[in-house]
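Below is one structure; the comments refer to it alone.
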Amino acid sequence: MTAVTRPAGRLAAYTYEEYRRFEDTNPARHEYVDGQILAMAGGTPAHARLQAAVLFALERRLEGRPCQPFPSDLRVKVVATGVATYPGVTVVCGSVETDAGDKFEHYRQIPTLQAYVLVSHRERRIETRRRAPDGGWSEHVAGRGQTAALEAIGTELAVDEIYDRSPLTREL
């Protein structure tokens with residue numbers, strides 16, 4: 001990355017283009033938030049297994065359809081807020097160019113985003129936030145023995161199927 005001179009004592013505010021150049025030449029992944037380049041923390045083995053289980057389940061359920069699941073290597077930029085990050089699993093219907101907290105506040109600014117799914121690594125819980133026709137959001141929680149409906153892509157995830165795939169999460 002090209003060195004950028006900034007006033008002493010002030011946090012550097014990088015442009016998105018500077019972030020992309022930095023990210024393209026760095027082996028570690030970083031998020032881009034409010035002009036800052038932030039190192040991403042590594043996940044736990046349980047988190048990685050849950051991510052793989054969700055990706056595998058969605059891959060099977062979406063076969064032959066125009067929607068494709070991607071692992072956390074796919075960077076998502078929220079044009080409305082300028083945040084760039086790597087969700088655990090992203091499902092894209094159509095072109096990749098189409099575009100629980102702080103991250104959700106950014107993601108919900110994507111006009112085409114229909115649902116946001118959180119898979120807990122602490123308990124058997126899949127939380128789905130869905131965009132309503134009026135633009136508001138509703139929250140649905142599925143636990144042990146239940147399924148989480150992913151209406152936007154016409155499928156569902158069985159909670160127990162996701163957690164039972166690995167000894168790291170089977171006890172949850």
Side-chain angles (χ1 to χ4, degrees), residues 1-6 10-62 66-131 137 148 150 152-153 155 157 162-163 165-169 172:
M1 182 169 118
T2 305
V4 178
T5 305
R6 303 283 197 283
R10 185 171 161 213
L11 287 176
Y14 296 96
T15 66
Y16 182 71
E17 291 73 27
E18 289 172 320
Y19 158 73
R20 287 289 304 267
R21 283 195 300 273
F22 176 78
E23 189 74 351
D24 290 345
T25 60
N26 197 303
R29 290 190 309 185
H30 299 79
E31 295 180 316
Y32 179 75
V33 180
D34 295 328
Q36 300 302 301
I37 299 173
L38 308 172
M40 293 182 62
T44 65
H47 179 268
R49 280 304 309 144
L50 288 168
Q51 178 182 354
V54 169
L55 186 66
F56 180 72
L58 289 173
E59 184 73 37
R60 287 189 325 237
R61 286 170 173 79
L62 296 173
C67 299
Q68 295 182 319
F70 292 90
S72 60
D73 294 330
L74 181 66
R75 178 178 37 228
V76 173
K77 181 181 181 195
V78 182
V79 176
T81 66
V83 166
T85 188
Y86 295 85
V89 175
T90 303
V91 176
V92 177
C93 300
S95 168
V96 173
E97 277 65 64
T98 303
D99 265 344
D102 292 340
K103 286 186 181 179
F104 176 64
E105 292 305 316
H106 291 283
Y107 292 147
R108 67 188 281 163
Q109 302 301 314
I110 301 172
T112 57
L113 181 70
Q114 296 299 307
Y116 180 77
V117 179
L118 297 163
V119 179
S120 174
H121 65 279
R122 293 188 177 92
E123 62 179 315
R124 285 186 183 228
R125 175 187 170 102
I126 299 177
E127 178 182 325
T128 307
R129 298 177 184 177
R130 299 180 191 135
R131 187 185 305 266
W137 290 85
L150 305 179
I153 55 175
T155 193
L157 292 175
I162 298 302
Y163 287 89
R165 291 190 56 77
S166 169
L168 295 171
T169 57
L172 293 176

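What's counted below: heavy atoms across the whole structure, side chains too, no hydrogens, waters or symmetry copies.
Within a 6.0 Å sphere centred on NE2 of His30, other residues, nucleotides and ligands contribute more than 12 heavy atoms. Counting non-hydrogen atoms of other residues, nucleotides and ligands closer than 6.0 Å to CZ of Arg122 gives a total of 12 or fewer. The environment of CG in Asp102 is sparse: at most 12 heavy-atom neighbours from other residues, nucleotides or ligands sit within 6.0 Å.
In this structure, Arg61 CZ and Leu157 CG are separated by 6.0 Å, a value rounded to the nearest 0.5 Å. The structure places OG1 of Thr90 at 10.0 Å from CG of Asp73, a figure rounded to the nearest 0.5 Å. One distance of note links CD of Glu23 with CD1 of Ile37; it measures 8.0 Å at 0.5 Å rounding. For the atom pair His121 NE2 and His47 NE2, the distance stands at 7.0 Å (nearest 0.5 Å). Note: Asp34 CG to Tyr14 OH = 14.5 Å, rounded to the nearest 0.5 Å. The structure places CZ of Arg131 at 8.0 Å from OG1 of Thr112, a figure rounded to the nearest 0.5 Å.
The side-chain heavy atoms of Ile162 and Arg124, taken from C-beta on, include no pair separated by under 4.5 Å. Leu113 places none of its side-chain heavy atoms less than 4.5 Å from the side chain of Val78. Side-chain contact between Val54 and Val117 is absent, with no heavy-atom pair separated by less than 4.5 Å. The side-chain heavy atoms of Glu31 and Val83, taken from C-beta on, include no pair separated by under 4.5 Å.
Residues Tyr163 and Arg125 share a closest heavy-atom pair of OH-O, 3.1 Å. Residues Gln109 and Ala80 come closest through the heavy atom pair CB-CB, 3.5 Å. Across all their heavy atoms, Leu118 and Tyr116 have their closest contact at CD2-CE2, 3.5 Å. Heavy-atom minimum distance, Thr128 versus Ala115: CG2-CB, 4.5 Å. When every heavy atom of Pro69 is checked against every heavy atom of Glu59, the shortest pair comes out as CG-OE1, 3.5 Å. Thr85 and Pro87 make their closest contact through O-CD, 3.5 Å (heavy atoms, listed as atom of the first residue, atom of the second, distance).
Looking only at distances, no side-chain donor or acceptor of Tyr16 sits under 3.5 Å from a matching main-chain atom of Tyr32. With hydrogens and angles disregarded, no donor-acceptor distance shorter than 3.5 Å links the side chain of Arg165 to the backbone of Phe56.
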Does Leu62 form a side-chain contact (heavy atoms from CB on, under 4.5 Å) with Gln68? I'd like the steps, not just the answer. CA-CA 7 Å; Leu62 296 173; Gln68 295 182 319; over 6 Å; no
Please lay out, stage by stage, how Gln114 and Ile153 fare under the test side-chain contact (heavy atoms from CB on, under 4.5 Å). CA-CA 9 Å; Gln114 296 299 307; Ile153 55 175; over 6 Å; no
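Sorted by first and then second residue, the pairs that involve residues 104-114 and meet salt bridge (Lys or Arg N to Asp or Glu O under 4.0 Å), not counting sequence neighbours, are Glu105-Arg108.
Aromatic ring pairs are classed by plane angle as parallel below 30°, tilted from 30° to 60° and perpendicular above 60°; the pair Trp137 and Phe104 is perpendicular.
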